[in-house]
Amino acid sequence: MGPQNTDRHHLACLTMNEIPNTSSDTSRHFIRQIIGDDVAAGVPGGKVVTRFPPEPNGWLHIGHAKAITINFGMAREFNGAFNLRMDDTNPSKESEDFVNAIQRDIEWLGCKWDNFIYASDAFDTMRDIAVALIKSCHAYVCEVPQEEWKNFRGVPSAPGTESPFRNRPVDESLARFDAMCRGECDEGAMCLRAKIDMTSPNIHLRDPVIYRVLHMPHYRAGKTWSAYPMYDFAHPIEDALEGITHSLCSIEFEVHRPLYDWVIDRLAELNLLIIRNGEPVRPKQREFARLNLTHTVMSKRYLLQLVQEKKVTGWDDPRMPTISGFRRRGFTPESIRDFCERVGVSKYKSLTELALLDSCVRDDLNRRATRRMAVINPVKVVIDNFPADAEEFFDAPNNPEDPAAGSHQVPFSRELWIERDDFMEVPEKKFFRVTPGQEVRLRYACLFKCTHVEKDAEGNVAEIHGTWDPASRGGTSPDGRKVKATIHWVSVKHALPVEVRLYDKLFTVPEPQADPDRDPHDFLNPNSLVTRTAFAEPALAGAAPGEHFQFERLAYFCVDPDRDAEGRPVFNRTVTLKSST
RNA sequence: UGCCUCAUGGUGUAACGGUAGCACAGCAGACUCUGGAUCUGCUUGUUUAGGUUCAAAUCCUAAUGAGGCAACCA
């Protein structure tokens, strides 16, 4: 107990005095601990190597971002290496387009890989290993038809039965495996199985298929192969070949781990583990829980359905939880990485609130987004004591959080647009904005007092009339009087009409998939996209695609790649500002 | 129901046998030329039942609840 307390104290001192701000705010999650312990105990060559192994058959989503940042983050934290590997062992849905999209998204996230690898480049090696396994009686070609195998496999609660081909002569298996690879047999007619244990309570160990026949060209390997390795066989080989020390994956692979280790054991017997500084590198698979987000569906299948049914405009629709969707919506790589860090890593099947992601982007954009004024739901203000032809220019800081960002000029004139919400003819309690007789500040410009309104035939407010105090130019009055509200505005004659796309949650309920009997379609938010024309200050005319702005008092916006018919920028609402009303 | 895994405020996550902390959300207040930001304070938690121990969120047993596994997908 004594020594322990001493250690504790020592550690506390270390934390406070010697470890700078690097890891003090990151949690000691179990993966970090496992790798830390392994490094302390001695990893071959002292080098941690991780990998992210997507199958190039679709777009990456925010759930993948979690896996990427964990694998990338651990490699970086332990001064190791991070590989990006295309796990392309099933040609049916893979393509080079997906490879490119995946690379682009990961690059954008800022997770640089040290090596880029195609699993398919190792098809020869995998075949050789399969042959070696047949020769050592660890694998056999099974001709039990695919549909019949379930009778041999058994059920989880009862053992299976051995295949009649299990102990066939090695030469027979060798010949048939060769035929499989060369396309001389039908799909489903035979397969290569690992010979493990048909009585195992773990189904994955009941002679799993390691090669199956697929008469399908591979997007890279062409027609070279007619048999392809299964994930459970290929993955540990890929990891071993690359010298991966820690193979970090999501929780559903937990039950596969004994099989993963079985393959690694075979590779060790065959002396195929790579040697680093004299030691074989034996990869270790560890599993963490997937990311689940409220008001979101993450499954690739369902996202595909949304695209196909045109519920969204594409995989990069700003409402999609894809990385490309978030990018177009205006999320920054930093905000997504921060989110992944804040979500943490555990084995618990959690459901993270979308509000956390919102908080992460706001936090980042608050620091970096250029401030501009724009009015989305306009009503006209007429300043009766301001000359009709006059105009003034007021100086407005580009970002109050960053003085180095400088300032710009905003034109002001007799007629202005303000938000309809900022006016109430009959104010409710605590309404400090525009209402007859109440003075407010027009941001950066002056103090203004509403005197009366004009209404249209239906009784709607058509124009708000009032007066300004010329002595308050710039926003403050020499007499130092205070106003309780400051509102944004845009000069009518200088206004730039722009398209704004107001995005909101795709689903109206926190768990669209909670009820298996209900289609998530039932919960699609009909208002997830509202398009409007806003009046923006002219400085926004030159906004470039991808640029981030805060429309003051409203929300953060990002310039879309699209332009409107007039060639003017289109703004996507990333996230609203927090509002306490 | 066989095997594996998990369980800490509303949400997510720390605490590694010795003071249950952080973030998000929520609620107050201060400040403010954004009802933003910032600052301060507050509310809310160890699934249950036994056991080990001077001491249990932590170790053991059981219960309960949740997730995963029975593709020739990954």
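Because only heavy atoms are used, hydrogens play no part in the values below, and waters and symmetry mates are left out as well, while side chains stay in. Given the structure is predicted, the values throughout are model-derived calculations rather than measurements. Chain identifiers are assigned alphabetically (A, B, ...) following the order of the sequence lines, protein sequences preceding nucleic acid strands; residue numbering begins at 1 within each chain.
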Novice: Should A/Arg85 and A/Glu242 count as an ion pair when the cut-off is N to O under 4.0 Å?
Specialist: yes

Novice: Round to a whole Å and report the spacing from CZ of A/Phe551 to C1' of B/G35.
Specialist: 20 Å

Novice: Given B/U34, is OP1 or OP2 found less than 4.0 Å from the side-chain N or O atoms of A/Thr486?
Specialist: no

Novice: Per the atom types in the model, does the base of B/G68 pair as donor or acceptor with the side chain of A/Glu287 at under 3.5 Å?
Specialist: no

Novice: Please state how far atom CG in A/Asp421 lies from atom C1' in B/G36, giving the value in whole angstrom units.
Specialist: 16 Å

Novice: How far does the C1' atom of B/A7 sit from the matching atom of B/U13, given to the nearest Å?
Specialist: 13 Å

Novice: In whole Å, what is the span from the CG atom of A/Asp358 to the P atom of B/G36?
Specialist: 16 Å

Novice: When all nucleic acid strands are considered with a 4.0 Å heavy-atom cut-off, which category describes A/Leu577: base, sugar-phosphate, or nothing?
Specialist: base

Novice: Is the ring pair A/Trp489/A/Phe394 parallel, tilted or perpendicular, if the boundaries are 30 and 60 degrees?
Specialist: perpendicular

Novice: For atom C1', what is the distance between B/A20 and B/C39, given to the nearest Å?
Specialist: 26 Å

Novice: Dot-bracket for RNA chain B: what is it, with Watson-Crick or G-U pairs under 3.5 Å, [ ] where a pair crosses earlier ones, and | for a pair to another strand?
Specialist: .((((((..((((....[..)))).(((((.......)))))....(((((..]....))))))))))).....

Novice: Taking the side chain as every heavy atom from C-beta outward, state whether A/Met126 and A/Glu238 have any pair of such atoms under 4.5 Å apart.
Specialist: yes

Novice: Counting side-chain heavy atoms from C-beta on, which of B/A25, B/G12, B/G35 comes nearest to A/Ser359?
Specialist: B/A25

Novice: Minimum heavy-atom separation for A/Asp87 and A/Glu55, please, with both atom names.
Specialist: O-CG, 3.5 Å

Novice: From CG of A/Asp402 over to P of B/U34, roughly how many Å is that when rounded to an integer?
Specialist: 17 Å

Novice: Which value, in whole Å, describes the distance between the P atoms of nucleotides B/A57 and B/C24?
Specialist: 27 Å

Novice: Determine whether the aromatic ring centres of A/Phe339 and A/Phe331 lie less than 6.0 Å apart.
Specialist: no

Novice: Tell whether A/Glu353 reaches the base of B/G10 with its side chain through a donor-acceptor pair below 3.5 angstrom.
Specialist: yes

Novice: CZ of A/Arg443 versus P of B/G35: gap in Å, rounded?
Specialist: 8 Å

Novice: Using the C1' atom in both, what is the distance from B/U46 to B/G10, to the nearest Å?
Specialist: 16 Å

Novice: Can you tell me how far C1' in B/A15 sits from the matching atom in B/U58, rounded to whole Å?
Specialist: 9 Å

Novice: Set out, line by line, the N/O atom pairs under 3.5 Å between protein and nucleotides 1-3 of chain B.
Specialist:
from, atom 1, to, atom 2, distance (Å)
B/G2, N3, A/Pro156, O, 3.4

Novice: Using a 4.0 Å heavy-atom cut-off, does A/Leu442 contact any base of the nucleic acid, only the sugar-phosphate backbone, or nothing at all?
Specialist: nothing

Novice: Would a line drawn from the ring center of A/His235 to the ring center of A/Tyr231 be shorter than 6.0 Å?
Specialist: yes

Novice: Using the ring centroid of each side chain, check whether A/His218 and A/Phe123 are separated by less than 6.0 Å.
Specialist: yes

Novice: Can you measure A/Glu428 atom CD to B/G35 atom C1' for me and round it to whole angstrom units?
Specialist: 12 Å

Novice: Between B/U19 and B/A56, how far apart are the two C1' atoms, rounded to whole Å?
Specialist: 15 Å

Novice: Does A/Val483 reach a base, just sugar-phosphate, or nothing at all? Heavy atoms under 4.0 Å.
Specialist: nothing

Novice: How would you label the contact of A/Arg342 with the nucleic acid (heavy atoms, under 4.0 Å): base, sugar-phosphate, or nothing?
Specialist: sugar-phosphate

Novice: Scan A/Arg206 against the nucleic acid and name what it touches under 4.0 Å (heavy atoms): base, sugar-phosphate only, or nothing.
Specialist: nothing

Novice: Whole-Å distance between B/G10 C1' and A/His295 NE2?
Specialist: 13 Å

Novice: Quantified in whole Å, what is the P atom distance between nucleotide B/A14 and nucleotide B/U53?
Specialist: 31 Å

Novice: Can you identify which nucleotide, out of B/A70, B/U34, B/U5, has its nearest atom closest to the A/Glu552 side chain?
Specialist: B/U34

Novice: Relative to the ring of A/Tyr302, is the ring of A/Phe507 parallel (under 30°), tilted (30 to 60°) or perpendicular (over 60°)?
Specialist: tilted

Novice: Run the ring-centre check on A/Phe557 versus A/Phe551 and record whether the distance is less than 6.0 Å.
Specialist: yes

Novice: Rounded to the nearest Å, what distance is computed from the CG atom of residue A/Asp364 to the P atom of nucleotide B/A23?
Specialist: 19 Å

Novice: When the nearest nucleotide of RNA chain B is assigned to A/Leu357 and to A/Lys578 on a heavy-atom basis, which residue is associated with the more 5' position?
Specialist: A/Leu357

Novice: Taking side-chain contact (heavy atoms from CB on, under 4.5 Å) as the criterion, tell me which of A/Asn398, A/Thr370, A/Thr574 meets it with A/Phe549.
Specialist: A/Thr370

Novice: Categorize A/Pro208 for me: base, sugar-phosphate, or nothing, with a 4.0 angstrom heavy-atom threshold over every strand shown.
Specialist: nothing

Novice: Does the B/G36 base have a donor-acceptor partner in the side chain of A/Arg362 within less than 3.5 Å?
Specialist: no

Novice: Side-chain N or O of A/Arg553 less than 4.0 angstrom from OP1 or OP2 on B/G35?
Specialist: yes

Novice: Decide yes or no, distance alone: a donor-acceptor N/O pair under 3.5 angstrom between the base of B/U34 and the side-chain of A/Arg371.
Specialist: yes

Novice: Considering only atom P, compute the distance from B/G17 to B/C59 and round it to an integer number of Å.
Specialist: 9 Å

Novice: Does the pair A/Arg433/A/Glu419 count as a salt bridge with the N-to-O cut at 4.0 Å?
Specialist: no

Novice: When syn is taken as a glycosidic angle within 90 degrees of 0, is B/A37 syn or anti?
Specialist: anti

Novice: Reckon A/Lys430 has a side-chain N or O less than 4.0 Å from the OP1 or OP2 of B/G35?
Specialist: no

Novice: Between A/Arg362 and A/Glu401, is there a side-chain N and carboxylate O pair less than 4.0 Å apart?
Specialist: no

Novice: Can the positive tip of A/Arg193 be found less than 6.0 Å from the middle of the six-membered ring of A/Trp149, inside 45° of the ring normal?
Specialist: yes

Novice: On RNA chain B, does the nearest nucleotide to A/Glu254 precede the nearest nucleotide to A/Asp422 from the 5' side, or the other way round? Give the residue.
Specialist: A/Glu254

Novice: Looking at A/Pro411 and A/Phe393, what are the two nearest heavy atoms and their distance?
Specialist: CB-CE2, 3.5 Å

Novice: Would you mind checking if A/Asp421 and A/Arg553 are paired as a salt bridge, meaning a charged N to carboxylate O distance below 4.0 Å?
Specialist: no

Novice: Report the nucleotide, chosen from B/G67, B/U13, B/A14, that has the shortest atom-to-atom distance to any side-chain atom of A/Tyr348.
Specialist: B/U13

Novice: Output one line per pair: protein atom, nucleotide atom from nucleotides 71-74 of chain B, and distance, for all N/O pairs under 3.5 Å.
Specialist:
from, atom 1, to, atom 2, distance (Å)
B/A71, OP2, A/Arg153, NH1, 3.3
B/A71, OP2, A/Arg153, NH2, 3.2
B/C72, O2', A/Gln146, OE1, 3.0
B/C72, N4, A/Val144, O, 3.3
B/C72, N4, A/Gln146, N, 3.2
B/C72, N4, A/Gly188, O, 2.9
B/C73, OP2, A/Arg212, NE, 2.7
B/C73, OP2, A/Arg212, NH2, 3.0
B/C73, O3', A/Asn90, ND2, 3.4
B/C73, O3', A/Arg212, NH2, 2.9
B/C73, O2', A/Asn90, ND2, 3.1
B/A74, OP1, A/Thr89, OG1, 3.0
B/A74, OP1, A/Arg212, NH1, 3.3
B/A74, OP1, A/Arg212, NH2, 2.8
B/A74, OP2, A/Tyr231, N, 2.8
B/A74, O3', A/Asp87, OD2, 2.8
B/A74, N6, A/His256, NE2, 3.3

